[in-house]
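Below, each value reflects all heavy atoms present in this structure, side chains not excepted, and no hydrogens, waters or symmetry copies.
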Amino acid sequence: QVQLVESGGGLVQAGGSLRLSCAASAGSFSTYGMGWFRQAPGKEREFVARINWNGGNTYYADSVAGRFTISRDNAKNTAYLQMNKLKPEDTAVYYCAASKAWSTRAEYVDYWGQGTQVTVSS
């Protein structure tokens, strides 16, 4: 089992930046693809970004492409989401995810983080 613990959420003005971190407590971290999803109140959880096991492949939702960057450090068992040029529409609870499958669908996620709130003010 993989335990994911997130940090780095908070309140930021539009145009600002935040970096989310996701620390995994498992020796098999490097065998999982990592991803980020987000969920705003009253809305479905949506895909944000994904990175494969060695960081060689990344994929982003159109809404964040060019602004967000996903990365990972397998030596530290940690994944990151650098969020730049934040918009009020980015406001949501952000969830770290680990999965064996390459997918942007939430149903293929094997493990979830607890979620961290990101609020972008105008």
Side-chain angles (χ1 to χ4, degrees):
Q1 183 170 323
V2 177
Q3 184 181 49
L4 306 175
V5 180
E6 297 170 315
S7 62
L11 175 65
V12 65
Q13 290 185 314
S17 298
L18 286 172
R19 189 179 76 161
L20 306 183
S21 297
C22 175
S25 58
S28 59
F29 174 78
S30 63
T31 70
Y32 289 87
M34 299 297 296
W36 292 90
F37 291 73
R38 66 187 183 187
Q39 188 167 21
K43 299 179 67 176
E44 297 293 321
R45 189 169 299 187
E46 65 176 353
F47 167 78
V48 175
R50 198 182 197 282
I51 187 168
N52 78 321
W53 71 275
N54 67 359
N57 292 299
T58 58
Y59 187 75
Y60 300 91
D62 290 343
S63 59
V64 306
R67 299 187 298 119
F68 291 10
T69 302
I70 188 171
S71 62
R72 67 190 298 160
D73 186 340
N74 287 348
K76 297 181 178 179
N77 288 351
T78 303
Y80 305 93
L81 184 68
Q82 179 67 45
M83 304 185 294
N84 298 324
K85 299 180 180 179
L86 283 161
K87 306 174 181 179
E89 63 199 80
D90 295 319
T91 295
V93 176
Y94 283 71
Y95 296 91
C96 179
S99 60
K100 292 288 189 178
W102 173 256
S103 178
T104 61
R105 298 177 66 88
E107 55 261 44
Y108 291 99
V109 171
D110 296 308
Y111 302 100
W112 293 99
Q114 80 285 355
T116 185
Q117 178 70 46
V118 172
T119 302
V120 184
S121 65
S122 60

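Taking the side chain as every heavy atom from C-beta outward, E89 and S63 never approach each other to under 4.5 Å. Between D110 and K100 the shortest side-chain heavy-atom distance falls below 4.5 Å. Looking at heavy atoms from C-beta onward, Y95 lies out of side-chain contact with V109 at the 4.5 angstrom threshold. Side chains of R45 and W112 form a contact here, defined as non-hydrogen atoms less than 4.5 Å apart. Proximity of R38 to E46: side-chain heavy atoms (C-beta onward) are separated by under 4.5 Å at one or more points.
Both tests hold for R72 against F29: distance to the six-membered ring centre under 6.0 Å, angle to the ring axis within 45°.
Each of I51, V64, V48 was compared with W36 under the side-chain contact (heavy atoms from CB on, under 4.5 Å) criterion, and only V48 meets it. The residue from D90, T58, L20 that alone fulfils the side-chain contact (heavy atoms from CB on, under 4.5 Å) condition with F68 is D90.
Taking OH from Y94 and CD from Q117, the interatomic distance works out to 9.5 Å, rounded to the nearest 0.5 Å.
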Under 3.5 Å, which donor-acceptor pairs link side chains of residues 3-14 to any protein atom two or more places apart or in another chain?
| from | atom 1 | to | atom 2 | distance (Å) |
| --- | --- | --- | --- | --- |
| Q3 | OE1 | S25 | OG | 3.2 |
| E6 | OE1 | G115 | N | 2.6 |
| E6 | OE1 | T116 | N | 3.4 |
| E6 | OE2 | C96 | N | 2.1 |

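Enclosure of atom CD in E44 is not indicated, since only 12 or fewer non-hydrogen atoms of other residues, nucleotides or ligands lie within 6.0 angstrom. For NZ of K85, the number of neighbouring non-hydrogen atoms (other residues, nucleotides, ligands) closer than 6.0 Å is 12 at most.
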